[in-house]
Engineer: 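Below are the structure tokens for one structure; questions will follow.
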Amino acid sequence: MKYNFNAIEKKWQKIWSERQTFKAENNSEKSKYYVLDMFPYPSGAGLHVGHPLGYIASDIYARYKRHKGFNVLHPMGYDSFGLPAEQYAIQTGQHPALTTEANIKTYRRQLDQIGFSFDWSREVRTSNPEYYKWTQWIFIQLFESWYNYESNKAEHVDTLVKVFEADGNQNINAACDDDTEVFSADQWKAYSKVEKQHILLKYRLTYLAETEVNWCPALGTVLANDEIVNGVSERGGHPVIRKKMTQWSMRISAYAERLLQGLDTIDWTDALKDIQRNWIGKSVGASVTFNVTASEAKQSHQIEVFTTRPDTIFGTSFMTLAPEHELVSQITTEAQKAEVEAYIEATAKRSERDRMADVKTISGVFTGAYAEHPFTKEPIPIWIGDYVLASYGTGAVMAVPCGDQRDYDFAKHFDIPIPNIFEGVDISEEAFADKDKTIIANSDFINGMNYKKATKRVIYELEQIGQGKGKTNYRLRDAVFSRQRYWGEPFPAYYVDGMPQMIATEHLPLTLPEVEKYLPTEEGEPPLGRATHWAWDTDQCAVVSNQLIDHETVYPLELNTMPGWAGSSWYFFRYMEDAKRNEVFASEAALNYWDSVDLYIGGSEHATGHLLYSRFWVKFLYDRGYVSVNEPFKKLINQGMILGTSAFVYRYNWSLGIDGAISKPPIFISKTFLDKIKSKDYALSDNCEAIDSIIGELSSKHQAVFMEAQIRSFPFTAIHADVSFINAANELDIRKFRDWREEFAEAYFIDSEGKLINEDNGVFHVERDVEKMSKSKFNVVNPDEICEQYGADSLRLYEMFLGPLEQYKPWNTAGITGVHGFLKKLWKLFHQGENNTFYVDASPLGKSEGAESFKTLHKTIKKVEEDIENFSFNTSVSTFMIAVNELTAQKCASKAILEPLLILVSPYAPHIAEELWEQLGHMESIATAPFPKFEEKHLVESSKNYPISFNGKMRFTLELPLDMSKEDIEKTVLAYEKTQEQLQGRTPKKVIVVPGKIVNIVG
RNA sequence: GCUGAAGUGGUGGAAUUGGUAGACACGUUGGACUUAAAAUCCAAUGGCCAUUAUGGCCGUGCGGGUUCAAGUCCCGCCUUCAGUACCA
């Protein structure tokens, strides 16, 4: 019988599906274990071999846990709202729901063929109304909550209103907008309904506010900070500008401290925790209030700054405000007005990207105003400068040039004094910022103190004069939550007198209406502004034409939709529910039973997005009593990326020429030859036959272009060639390449010798380089083909065999023959003799052979179990290979050995394991067969092949009994002839004997 | 700049608490089988030197150190990758 992997894999995938082998039970005697993958966005490109890496790892762990007797929840679903489907819809008119549905079908087929043990009965899709009903519901709960720093948790706004009624907001310690005014209980009671709502909005955990947002004109939407990478949008790489807009935001900043503290309670890698810690960016210091003195303004002003170095306050020689700071216009003197306004305008024009790219240029303007130093009462000039960010702290700094390099550079540039307040430090060249070595001088009451003492004292003194206090600042900003897009969750909100109101929860879900086009309206409203009919109508009210009609009164609806991370922030709870109840997002029993995710595997690119937002929502749901866990993911592993090996060809860059209008045949040049001519030991004009002949063939106009450009430089640029045109020797299939794109049909190819070649004569070598696997780089490898050619088990094994799970590693399909060969050898262990008939002996083996085989088995059990527990899957694949090689050499055919071996292999290569398991006579799936127990007795050795080293260098080995005493080992080794040979008559100074390990002779 | 991770053969990568560096594969070379190819099997494979064989020297990014013994520990660098970017 042959190892027919295609048939075997199909057979078992069908059986698993029919028998629901991997369905998790919500009521079970067994202990629970929850293994989760980050659910995919179903893109049109389908899966490439990089995608399943994490899924394979989690699947191995899930299967292992089943063998270990756990009731395992291992679900899968789709993050099915998102930009690409909508961009596609804009281009083609195809409804995103249809494209998404089609993409999901492809994903499902591709996932199924790899043989994952998912419980598909629990599948979720974030774009399904019965799912996003609960996303909307959570949004409403957030809207109806505020954060109480006193109890340190979120509470219903009713409790806030009670406080306002009793005491106003003067003594409350709550998370709120910076510009919240102070009022008394009487004032509160006097406010109108709308005014009250306006104030409450400043406290809600999701709120509407005019803020500076990242606007992406190309996508026509705002983006959150984590959706911007290097100043451009994460999706599509479009430029992003700052813009003031009224948007929904999430008050995640209220949770900054708890998100930070919570990291200590979870088992994530330090690398990932550090990314989140940096993103939260806690800094401890003080807020200090400076009074503006010499201003021409009639009313008096105060400038609040945040500093982490209150101890350096006596070194303040100027202040700097962000150009956008609200006080700038009020304090600027007449004389400076023109200059200041010009500067503000110039700064506003610069894009975020320019400002980022250009850190070195120092710019700023003096406002003409002065502030008074809180202690010395000296006047301090107030400047504006774009090195101060409006969005961090208070948008203003007290500049201490001797202690901060940026202030130092600014002071030097504008000739502002740099007073030295450090003892024994030279600041003539640069600022001194080392806290630990700081001794304060020239600073009145803190002279001679260190950083810690001085800081404490300054804060105390500031409090005494009412001009400051200790303060902690976080870099974490509130997250913008609205998107001006179609394909997302509609907000369950409408407006009354301009104030947002939530739709009653019994009317949820508010389903996404149909629109004609997926573009903004002519009035600039989001696409939902085009909707004429919304799906639900009830007795009390109806939604028609962008409006909610309630008892004859008409109210406008919210037309933005939620961002991609809304649905992914809580999906792990929905999986817990086996019955998909409509009345709860997950039943209490399910939530209590499954608790939280025990193992979460996914990419580290979600560190500051999904992984932070999920933690935030879970903490919120916990505060409000909807879930009983504080953190969603107990243990998290980031799988590394599988990289593709791209192929590059170098194309002559015609666009550098003078004429772009005429079509010109592309010229491709071998990298070797290009390097040759670049290195100048090859004079192009003299020797290059190929280029001469190309020029000969070109029209005179083209000739001129080519020659002209040559003179300037060698304008060849690397472009990607599809890796399917490249053979193992890195040679390009020229014919396929020409057929690939119309513009390449007439292309010229110059080989490494500088000769002109075509598909019939000569070879053209491509350059190869490893980069991210992506369709746009033409380096993707499709798992379908791998499964077809080698089988899913080979794919699974090979992905694991490539290297440590968390590491980035290049894909090379050629290597898969190694693991495929292993599976064939495993098959052969069961099918022996001339006809490869199934042959496993149930009777005991001969004595010596049996002992050897038991040793092989048990050393494999030990290693594989340790490996899985440590997520070191690559080393267990090696271990399997060693085991099968050994058992083959031992001619092992014993059921007592081979049966447990199958269970070990089963998590990795489940199809072949099931098939052989069945052939051994089992009627039940191998999936829940108990994991073999390791028994030390099989590994007990009586002797050890000792490495004998001289001065630390191993020279030979010597077999000695393990129970031999130290002294006897020394004696035996010294008496050994090879030892004497090595010593050549010298007497060893010292002999180190480590029993069971090594002997080292020092001489 | 700051934070984190990592540097081992031609390649992917192994190596318990410091104890035989290069497991297991890929690739390459040679051989067997075959009309041939594929498949399969066998052998060799870190570098250098020497050889009939035995053998010797050098080797885990670089420079130091600790130790009987260092890929592993300590100090100082270099390089690559990732995150962050005027965070006061």
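Residue numbers start from 1 in every chain, and the chains themselves are labelled A, B, ... in the order their sequence lines are given, proteins ahead of strands.
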Engineer: So for atom CD, which belongs to Glu429(A), do other residues, nucleotides or ligands contribute more than 12 heavy atoms lying within a distance under 6.0 Å?
Structural biologist: no
Engineer: Toss me the dot-bracket line for RNA chain B: Watson-Crick and G-U wobble, both under 3.5 Å, 5' to 3', using | for pairs to another strand and [ ] for crossers.
Structural biologist: (((((((..(((......[....)))((((((.......))))))((((.....))))..(((((..]....))))))))))))....
Engineer: Would you mind building the protein contact string for nucleotides 45-74 of chain B? One character per nucleotide, 5' to 3', B for base within reach (heavy atoms under 4.0 Å), S for sugar-phosphate only, - for untouched.
Structural biologist: -----------SSS---------BS-----
Engineer: May I ask you to say whether Lys809(A) pairs ionically with Glu799(A), meaning some side-chain N is under 4.0 Å from a carboxylate O?
Structural biologist: no
Engineer: Between Phe5(A) and Tyr790(A), does the ring centre distance come in under 6.0 Å?
Structural biologist: no
Engineer: Which residue, Thr308(A) or Ala271(A), contacts RNA chain B at a nucleotide closer to its 5' end, judged by nearest heavy atom?
Structural biologist: Ala271(A)
Engineer: For the residue pair Thr320(A) / Tyr387(A), report whether a side-chain donor-acceptor contact shorter than 3.5 Å exists.
Structural biologist: yes
Engineer: Please find the pair of heavy atoms, one from Ala431(A) and one from Tyr408(A), that lie closest to each other, and give the distance.
Structural biologist: N-CD1, 3.7 Å
Engineer: If I pick the P atom on U66(B) and the same atom on A15(B), what distance separates them, to the nearest angstrom?
Structural biologist: 29 Å
Engineer: I'd like to know if Lys855(A) pairs up with Glu941(A) as an ion pair, taking the criterion as any Lys NZ or Arg NE/NH1/NH2 lying under 4.0 Å from an Asp or Glu carboxylate oxygen.
Structural biologist: yes
Engineer: So what does Lys997(A) hit on the nucleic acid, given a heavy-atom distance under 4.0 Å: a base, only sugar-phosphate, or nothing?
Structural biologist: base
Engineer: Are more than 12 heavy atoms, taken from residues, nucleotides or ligands other than Gln405(A), located less than 6.0 Å from that residue's CD atom?
Structural biologist: yes
Engineer: Could you measure the distance from the CZ atom of Phe432(A) to the CD1 atom of Ile427(A)? Nearest 0.5 Å is fine.
Structural biologist: 11.0 Å
Engineer: Report the nucleotide, chosen from A21(B), U3(B), G13(B), that has the shortest atom-to-atom distance to any side-chain atom of Asn278(A).
Structural biologist: U3(B)
Engineer: Using atom types as modelled, flag every donor-acceptor pair under 3.5 Å from a side chain in residues 468-476 of chain A to any protein atom, sequence neighbours excluded.
Structural biologist:
{"unit_1": "Tyr474(A)", "atom_1": "OH", "unit_2": "Glu257(A)", "atom_2": "OE1", "d": "2.3"}
{"unit_1": "Arg475(A)", "atom_1": "NE", "unit_2": "Asn278(A)", "atom_2": "O", "d": "3.2"}
{"unit_1": "Arg475(A)", "atom_1": "NH2", "unit_2": "Asn278(A)", "atom_2": "O", "d": "3.1"}

Engineer: Looking at the side chain of Val388(A), which of G19(B), A14(B), A88(B) is the nearest nucleotide?
Structural biologist: A88(B)
Engineer: Contact class for Asn885(A) (heavy atom, under 4.0 Å): base, sugar-phosphate, or nothing?
Structural biologist: sugar-phosphate
Engineer: Compare the minimum distances between each of C87(B), G19(B), C26(B) and the side chain of Tyr392(A), then state the nucleotide with the smallest one.
Structural biologist: C87(B)
Engineer: Regarding Phe801(A), tell me which of base, sugar-phosphate or nothing describes its non-hydrogen contacts under 4.0 Å with the strands shown.
Structural biologist: base
Engineer: I'd like the P distance from C58(B) over to A69(B), given in whole Å.
Structural biologist: 15 Å
Engineer: Between the protein and nucleotides 6-10 of chain B, which nitrogen or oxygen pairs come in under 3.5 angstrom?
Structural biologist:
none

Engineer: Rounded to whole angstrom, note down the C1' distance from G46(B) over to G12(B).
Structural biologist: 16 Å
Engineer: So, is Thr879(A) near the phosphate of C24(B), with a side-chain N or O under 4.0 Å from OP1 or OP2?
Structural biologist: no
Engineer: Measure from the side-chain heavy atoms of Thr957(A) and tell me the nearest of U20(B), C26(B), A23(B).
Structural biologist: U20(B)
Engineer: Of the listed nucleotides (A88(B), A14(B), C26(B)), which one gets closest to any side-chain atom of Thr875(A)?
Structural biologist: A14(B)
Engineer: Are Lys452(A) and Asp436(A) close enough for a salt bridge, meaning some N to O gap below 4.0 Å?
Structural biologist: no
Engineer: Output the single nucleotide from G19(B), C87(B), G83(B) whose closest atom is nearest the side chain of Ile275(A).
Structural biologist: G83(B)
Engineer: Restricting to nitrogen or oxygen on both sides, can you table the protein-nucleotides 40-42 of chain B pairs closer than 3.5 Å?
Structural biologist:
{"unit_1": "U40(B)", "atom_1": "OP1", "unit_2": "Lys824(A)", "atom_2": "NZ", "d": "3.3"}

Engineer: Hey, is CG on Asp178(A) packed in by over 12 heavy atoms from elsewhere, all under 6.0 Å?
Structural biologist: no
Engineer: Between Asp274(A) and Arg277(A), is the closest basic N to carboxylate O distance under 4.0 Å?
Structural biologist: yes
Engineer: For the side chain of Asp274(A), counting heavy atoms from C-beta on, which of C87(B), U3(B), U20(B) is nearest?
Structural biologist: U3(B)
Engineer: From C-beta outward on Met881(A), which listed nucleotide comes closest to its side chain: A25(B), G13(B), C87(B)?
Structural biologist: A25(B)
Engineer: Over all strands shown, is Asn874(A) touching base, sugar-phosphate only, or nothing at heavy-atom distances under 4.0 angstrom?
Structural biologist: sugar-phosphate
Engineer: What residues form a salt bridge (Lys or Arg N to Asp or Glu O under 4.0 Å) with Glu970(A), not counting sequence neighbours?
Structural biologist: none
Engineer: Look at the aromatic rings of His831(A) and Trp827(A) and report parallel, tilted or perpendicular, splitting at 30° and 60°.
Structural biologist: parallel
Engineer: Determine the interatomic distance between P on C74(B) and the same-named atom on U84(B); round to the nearest Å.
Structural biologist: 29 Å
Engineer: For Val723(A) and Arg768(A), work out which heavy atoms get closest and say how close.
Structural biologist: CG1-NH2, 3.3 Å
